[in-house]
A.B. asks: 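Structure incoming, see below.
As a basis for the values below, the full set of heavy atoms in this structure was taken, side chains included, without hydrogen atoms, waters or symmetry mates. As the structure is a computational prediction, the values presented were derived from the model and not from experiment. One-based numbering, in listed order, for ligands and for the atoms of each.
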Amino acid sequence: MALYVQKYGGTSVGDIERIRNVARRIARTRQQGHDVIAVVSAMAGETDRLLGLGRELSERPVEREMDVLVSSGEQVSAALLCIALNQMGVKAMSLMGHQARVETDSVHTKARITRVDDERLRRAIEGGHAVVVAGFQGIDEHGNITTLGRGGSDTSAVAIAAAARADVCEIYTDVEGVFTTDPNVCRSARKIERISYEEMLELSALGAKVLQIRSVELAMKYAVPIHVRSSFSDAEGTMVTGEDESLESVVVAGVTSDKKAAKVTVLGVPDQPGVVAGVFEPLAEQNISVDMIIQNVATDGTTDLTFTVTRDDLERTRDMADGLAKKVGARDFTVDPDVVKVSIVGLGMRSHAGVAAKMFRLLADEGINIEAISTSEIKTSCLIRAKYAELAVRVLHDGFGLGDR
Ligand code: ADP
Ligand code: ASP
Ligand code: MG
């Protein structure tokens with residue numbers, strides 16, 4: 001007998017018939033003799049609807065109350081799923097984040113899980129229940145409701161799987177697994193059978209929203225095997241696991257695009273020690289993280305500095321522009337949101353030369369200009385004009401031979 005954690009995303013619980021479908025899956029797993037903890041998202045579109053209501057009332061709504069508001073979406077789907085299960089004769093009990101003791105820090109709207117106390121979960125399972133936990137939500141040390149950031153139910157599921165020592169964490173979604181690129185953007189995308197935590201971490205960080213990045217971090221830390229699969233079919237999905245010989249030996253595993261980047265350029269600053277630190281220290285103090293960085297030295301003793309921030313931080317960066325320009329003696333400070341970051345990811349990049357060069361050539365042949373570059377051991381990212389995003393993904397995907405074979 002095994003313990004399954006099964007996370008069902010918004011589309012999978014999107015209407016009453018789909019909730020029945022999920023209930024049937026859980027019932028089947030129970031009939032096979034296994035214990036189940038299901039973790040559910042809000043019904044498709046519900047989180048956006050609730051966020052919209054809050055924002056109608058205020059441009060900058062109080063974050064504590066936004067968490068109370070949006071977490072209600074998961075409460076509804078958990079209760080509906082339990083009603084469906086009980087109707088089918090499967091004893092089921094819902095638990096909200098606080099009841100399942102999903103403890104978090106107090107950073108409202110993007111809280112981090114600090115601990116899951118599995119005692120209540122255990123008791124419910126020992127009582128013969130299928131347990132349904134509301135994903136995305138937790139509780140801080142002062143008893144406030146918190147939420148884990150968009151896509152956070154993935155992270156709830158992995159944290160619960162780690163705490164309850166589940167045999168596997170199944171992530172049920174609307175595609176059949178992790179693909180070589182977003183299958184809704186590129187028709188030739190191919191399902192990957194097995195992928196390493198490291199590669200999945202990069203894919204999530206660089207825009208593949210199929211798993212929230214924190215869920216992959218936790219899975220890697222606690223060695224929780226993740227099986228990403230579709231709630232609409234019985235096909236095997238993708239196993240996300242540690243590195244071993246069963247992984248496909250490919251140079252590039254996947255291609256992503258991230259529309260959340262924005263480009264900042266500081267023009268004509270004196271080329272002398274302390275200038276770069278003078279720009280980045282105040283940003284860091286405001287918790288604004290900087291990603292791709294390029295510095296060009298001009299002949300007249302000045303230099304231009306280009307870097308990216310996430311779009312969520314764009315307004316705050318813009319607010320700081322004048323002060324920063326004055327402080328470091330810059331001629332101008334421009335902000336450009338019309339960019340996208342495309343990336344290739346793969347463990348094989350560690351041992352193969354020329355992968356980045358091939359990426360640059362593929363983009364150049366389409367007339368796509370590269371405005372910034374960043375690399376790590378297993379990824380290369382290029383910043384390009386936003387209008388080329390889909391073209392670039394397709395060209396890289398097919399150029400690296402990732403399509404259906
Ligand atoms: P859920 O509501 O089930 O959590 P999400 O919408 O958060 O589902 O994530 C699934 C979506 O992720 C897919 O519909 C797909 O468009 C997108 N996606 C982006 N990149 C990838 C990828 N490499 N593989 C699979 N899906 C991807
Ligand atoms: N309902 C939340 C969201 O839409 C959490 C999740 O679905 O994972 O972001
Ligand atoms: Mg999701």
A.B. asks: Give one line per pair: atom of ligand 2, protein atom, distance. Only N/O to N/O under 3.5 Å.
C.D. replies:
{"from": "ligand 2", "atom 1": "1 (N)", "to": "Thr47", "atom 2": "OG1", "distance (Å)": "2.8"}
{"from": "ligand 2", "atom 1": "1 (N)", "to": "Glu74", "atom 2": "OE2", "distance (Å)": "2.7"}
{"from": "ligand 2", "atom 1": "4 (O)", "to": "Thr47", "atom 2": "OG1", "distance (Å)": "3.4"}
{"from": "ligand 2", "atom 1": "4 (O)", "to": "Arg150", "atom 2": "NH2", "distance (Å)": "2.9"}
{"from": "ligand 2", "atom 1": "7 (O)", "to": "Ser41", "atom 2": "OG", "distance (Å)": "3.0"}
{"from": "ligand 2", "atom 1": "8 (O)", "to": "Gly152", "atom 2": "N", "distance (Å)": "3.4"}
{"from": "ligand 2", "atom 1": "8 (O)", "to": "Ser153", "atom 2": "N", "distance (Å)": "3.0"}
{"from": "ligand 2", "atom 1": "8 (O)", "to": "Ser153", "atom 2": "OG", "distance (Å)": "3.2"}
{"from": "ligand 2", "atom 1": "9 (O)", "to": "Arg150", "atom 2": "NE", "distance (Å)": "2.7"}
{"from": "ligand 2", "atom 1": "9 (O)", "to": "Gly151", "atom 2": "N", "distance (Å)": "2.9"}

A.B. asks: What atoms of ligand 1 come within less than 4.0 Å of a heavy atom belonging to Asn184?
C.D. replies: 13 (C), 14 (O), 15 (C), 16 (O)
A.B. asks: Under a 4.0 Å heavy-atom limit, does Val210 contact ligand 1 with its side chain, its backbone, both, or neither?
C.D. replies: both
A.B. asks: Kindly say whether the aromatic ring centers of Phe280 and Phe307 come within a distance under 6.0 Å.
C.D. replies: yes
A.B. asks: May I ask which of Val255, Val175, Thr173 has a heavy atom nearer to atom 1 (P) of ligand 1 than the others do?
C.D. replies: Thr173
A.B. asks: Please check whether Val178 reaches ligand 1 - meaning an N/O of the residue sits under 3.5 Å from an N/O of the ligand, judged on distance alone.
C.D. replies: no
A.B. asks: For ligand 1, which atoms have a heavy atom of Pro183 less than 4.0 angstrom away?
C.D. replies: 24 (N), 25 (C), 26 (N), 27 (C)
A.B. asks: Counting each atom of ligand 1 from 1 as listed, which ones have a heavy atom of Gly177 under 4.0 Å away?
C.D. replies: 24 (N), 25 (C)
A.B. asks: Under 4.0 Å from a heavy atom of Phe179: which atoms of ligand 1 are those, numbered in the order shown and with their elements?
C.D. replies: 22 (C), 23 (N), 24 (N), 25 (C)
A.B. asks: At what distance, to the nearest 0.5 angstrom, does CG of Leu396 lie from CG of Leu363?
C.D. replies: 4.5 Å
A.B. asks: Which residue owns the protein heavy atom closest to atom 2 (O) of ligand 1, what's the atom, and how far is it?
C.D. replies: Gly10 N, 3.3 Å
A.B. asks: Who are the side-chain hydrogen bond (donor to acceptor under 3.5 Å, both in side chains) partners of Thr173, not counting sequence neighbours?
C.D. replies: none
A.B. asks: Does an N or O from Asp154, backbone or side chain, lie closer than 3.5 Å to an N or O of ligand 1?
C.D. replies: no
A.B. asks: Mind telling me whether His34 and Tyr4 have parallel, tilted or perpendicular rings, with 30° and 60° as the class edges?
C.D. replies: tilted
A.B. asks: Among Asp304, Thr306, Thr303, find the one that has a side chain to side chain donor-acceptor pair (under 3.5 Å) with Gln295.
C.D. replies: Thr303
A.B. asks: Using a 4.0 Å heavy-atom threshold (strictly under), name the region of Thr180 that reaches ligand 1: side chain, backbone, both or neither.
C.D. replies: neither
A.B. asks: Show me which atoms of ligand 1 lie under 4.0 Å from any heavy atom of Lys7.
C.D. replies: 4 (O)
